[in-house]
Colleague: 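Please see the structure below; I have some questions.
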2 protein chains.
Amino acid sequence: MSNGVLEPLDQAIVRELAADGRRSFTDLAERVGLSVSAVHQRVRRLEQRGVIRGYTARLDGEQIGLPLTALISLTPNDPAAPDDYPQRLEHISEIESCYSVAGDESYILLVRVGSPLGLEDLLRRIREVAKVSTRTTVVLSTPFEGRSPTL
Amino acid sequence: MSNGVLEPLDQAIVRELAADGRRSFTDLAERVGLSVSAVHQRVRRLEQRGVIRGYTARLDGEQIGLPLTALISLTPNDPAAPDDYPQRLEHISEIESCYSVAGDESYILLVRVGSPLGLEDLLRRIREVAKVSTRTTVVLSTPFEGRSPTL
DNA sequence: GGTGAAAATTGTGGAAT
DNA sequence: ATTCCACAATTTTCACC
């Protein structure tokens, strides 16, 4: 399938929905210069093609009881073990994102917890279920996060 | 202000909107067991209080022309310089998130670019504008990302 | 693909409890 | 703070280009 570049109109739609995921079709139609129906159809197609993976509310970690964010680097205890770490970690809800990376470590996780004790417990669970050693970098503050990319 | 814990009803609403940012008020009302108006009012209040910071479409980096993700650690060249890095970096649109962290480095950035050349150029700009040295970890794949937290 | 319009559904504000 | 109600706006489908 067509990889890489998005058609300019789809690009415009996607940009608007990245900036405001609740923008109405009416609003989108005006901004991109199409009829409401046309926009509607394009958005559905973008969703089906997986260009748009979904919509989400961006939340304030402090105010929802998860004030502690951390980045955790994973290094396998047994380098010969099969690489099924994502599957092993998927069920741990505190893990927001999981990246497979090039470099010294194998994976980097972004996690959110309620307290230092919660982090300690989370690390114990991660090491146990995935048989890895961990290196944790605590986030002190978040100047900005989840900004929408410029297409 | 009330910090930390959210009222159970607000918690339920926030959880639903994290899972699907386009859920309708009607839908939300059914799921949390309130009238549409009550939900409507609560959502507006959550937005005003900043618990909900906004809504966004989650996009597939590959399909929007930004297939290369990286984590960049920043270390100040001059440790005595004033700490205004976030301000200096804010205008660089490739930087999706900026975390101030405890540990060897001062900041960790999550960035998305179109190509290795794009990454090279981005690194040059970051070093130039922020007077930092950088350490880059390239993301090979993303098993999962941006999952909504369990409240 | 796109348009325009009808029908169904949802959003929004106000008065009352 | 919640519910009910009425009106405005949006979503969704469909026939036609």
Side-chain angles (χ1 to χ4, degrees), chain A residues 1-66 146 148-151, chain B residues 1-66 146 148 151:
Chain A
M1 292 303 152
S2 70
N3 224 9
V5 188
L6 220 51
E7 209 188 327
L9 278 170
D10 284 336
Q11 203 172 303
I13 291 172
V14 159
R15 191 190 314 120
E16 293 298 331
L17 285 174
D20 179 359
R22 278 186 87 89
R23 203 147 271 168
S24 72
F25 291 111
T26 310
D27 200 349
L28 287 174
E30 284 177 11
R31 289 171 189 260
V32 307
L34 277 179
S35 71
V36 176
S37 316
V39 170
H40 190 268
Q41 189 170 294
R42 278 175 182 266
V43 171
R44 288 283 167 267
R45 282 196 49 175
L46 288 165
E47 290 170 354
Q48 281 192 312
R49 282 199 286 158
V51 177
I52 297 174
R53 303 167 95 102
Y55 305 88
T56 186
R58 285 179 296 121
L59 305 175
D60 181 339
E62 309 276 341
Q63 295 197 64
I64 60 172
L66 299 172
S148 36
T150 305
L151 301 176
Chain B
M1 299 302 156
S2 70
N3 224 11
V5 188
L6 221 51
E7 208 188 326
L9 278 170
D10 284 337
Q11 203 172 303
I13 291 172
V14 159
R15 192 190 314 123
E16 294 298 329
L17 285 173
D20 180 359
R22 278 185 87 88
R23 203 148 270 171
S24 71
F25 291 115
T26 310
D27 201 348
L28 286 173
E30 284 176 13
R31 287 169 189 262
V32 307
L34 277 180
S35 71
V36 176
S37 308
V39 170
H40 188 267
Q41 191 171 300
R42 278 172 183 268
V43 171
R44 289 282 167 267
R45 199 165 295 153
L46 288 165
E47 289 170 354
Q48 280 192 315
R49 281 199 287 160
V51 177
I52 297 174
R53 304 168 97 104
Y55 304 88
T56 186
R58 285 179 296 121
L59 306 175
D60 181 340
E62 308 276 340
Q63 295 198 62
I64 60 171
L66 298 172
S148 36
L151 303 176

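Numbers restart at 1 for each chain; the letters A, B, ... are given by sequence-line order, proteins then strands. Because the structure is predicted, anything quoted here is derived from the model rather than measured.
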Colleague: Can you name the residues that form a salt bridge (Lys or Arg N to Asp or Glu O under 4.0 Å) with A/D60, not counting sequence neighbours?
Modeller: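 A/D60 satisfies salt bridge (Lys or Arg N to Asp or Glu O under 4.0 Å) with B/R53 only.
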
Colleague: Residues in salt bridge (Lys or Arg N to Asp or Glu O under 4.0 Å) with B/R42, at least two apart?
Modeller: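 Scan of B/R42 (salt bridge (Lys or Arg N to Asp or Glu O under 4.0 Å), adjacent residues dropped) gives B/E7, B/D10.
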
Colleague: State which residues pass side chain to side chain donor-acceptor pair (under 3.5 Å) with A/R58; sequence neighbours excluded, sorted by chain then number.
Modeller: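 Expected list: none.
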
Colleague: Tell me, please, which residues at least two apart from A/E30 pass side chain to side chain donor-acceptor pair (under 3.5 Å).
Modeller: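 Applying side chain to side chain donor-acceptor pair (under 3.5 Å) to A/E30 gives none.
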
Colleague: Just need the stems in DNA chain D: three or more back-to-back Watson-Crick or G-U pairs, each with both distances under 3.5 angstrom, sorted by first number.
Modeller: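 Stems for DNA chain D, defined as runs of 3 or more consecutive pairs: C:3-17 with D:1-15.
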
Colleague: From the 5' end of DNA chain C to its 3' end, which nucleotides mark the outer limits of contact with chain B, defined by a 4.0 Å heavy-atom distance cut-off (strictly under)?
Modeller: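 Counting from the 5' end, contacts occupy C/dT10 to C/dG13.
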
Colleague: Quick one: list whatever passes side chain to side chain donor-acceptor pair (under 3.5 Å) with A/T150, sequence neighbours left out.
Modeller: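 Partners of A/T150 under the side chain to side chain donor-acceptor pair (under 3.5 Å) test: B/S93.
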
Colleague: Base contacts versus sugar-phosphate-only contacts with protein, heavy atoms under 4.0 Å: please encode nucleotides 9-15 of chain D as B, S and - from 5' to 3'.
Modeller: -SSBB--

Colleague: How would you list all residue pairs meeting ring pair (Phe, Tyr, Trp, His ring centres under 6.0 Å) that involve residues 43-65 of chain B, not counting sequence neighbours?
Modeller: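 The answer is none; no pair qualifies.
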
Colleague: Any side-chain to backbone donor/acceptor pair from A/E16 onto A/V32? Under 3.5 Å, distance only.
Modeller: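 Looks like no, no N/O pair under 3.5 Å.
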
Colleague: Under the rule for salt bridge (Lys or Arg N to Asp or Glu O under 4.0 Å), what residues qualify as partners of A/R45, not counting sequence neighbours?
Modeller: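 Not a single residue meets the salt bridge (Lys or Arg N to Asp or Glu O under 4.0 Å) criterion with A/R45.
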
Colleague: Give the rounded distance in Å between these two atoms: CG of B/L9 and P of D/dA1.
Modeller: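 Rounded to whole Å, this separation is 12 Å.
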
Colleague: Tell me, please, which residues at least two apart from A/R22 pass salt bridge (Lys or Arg N to Asp or Glu O under 4.0 Å).
Modeller: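 Salt bridge (Lys or Arg N to Asp or Glu O under 4.0 Å) check on A/R22 returns nothing, list empty.
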
Colleague: Under the ring-ring contact (aromatic ring centres under 6.0 Å, His included) rule, collect the residues that match up with B/F25, sequence neighbours excluded.
Modeller: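 Counting only residues at least two positions away or on another chain, B/F25 forms a ring-ring contact (aromatic ring centres under 6.0 Å, His included) with B/H40.
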
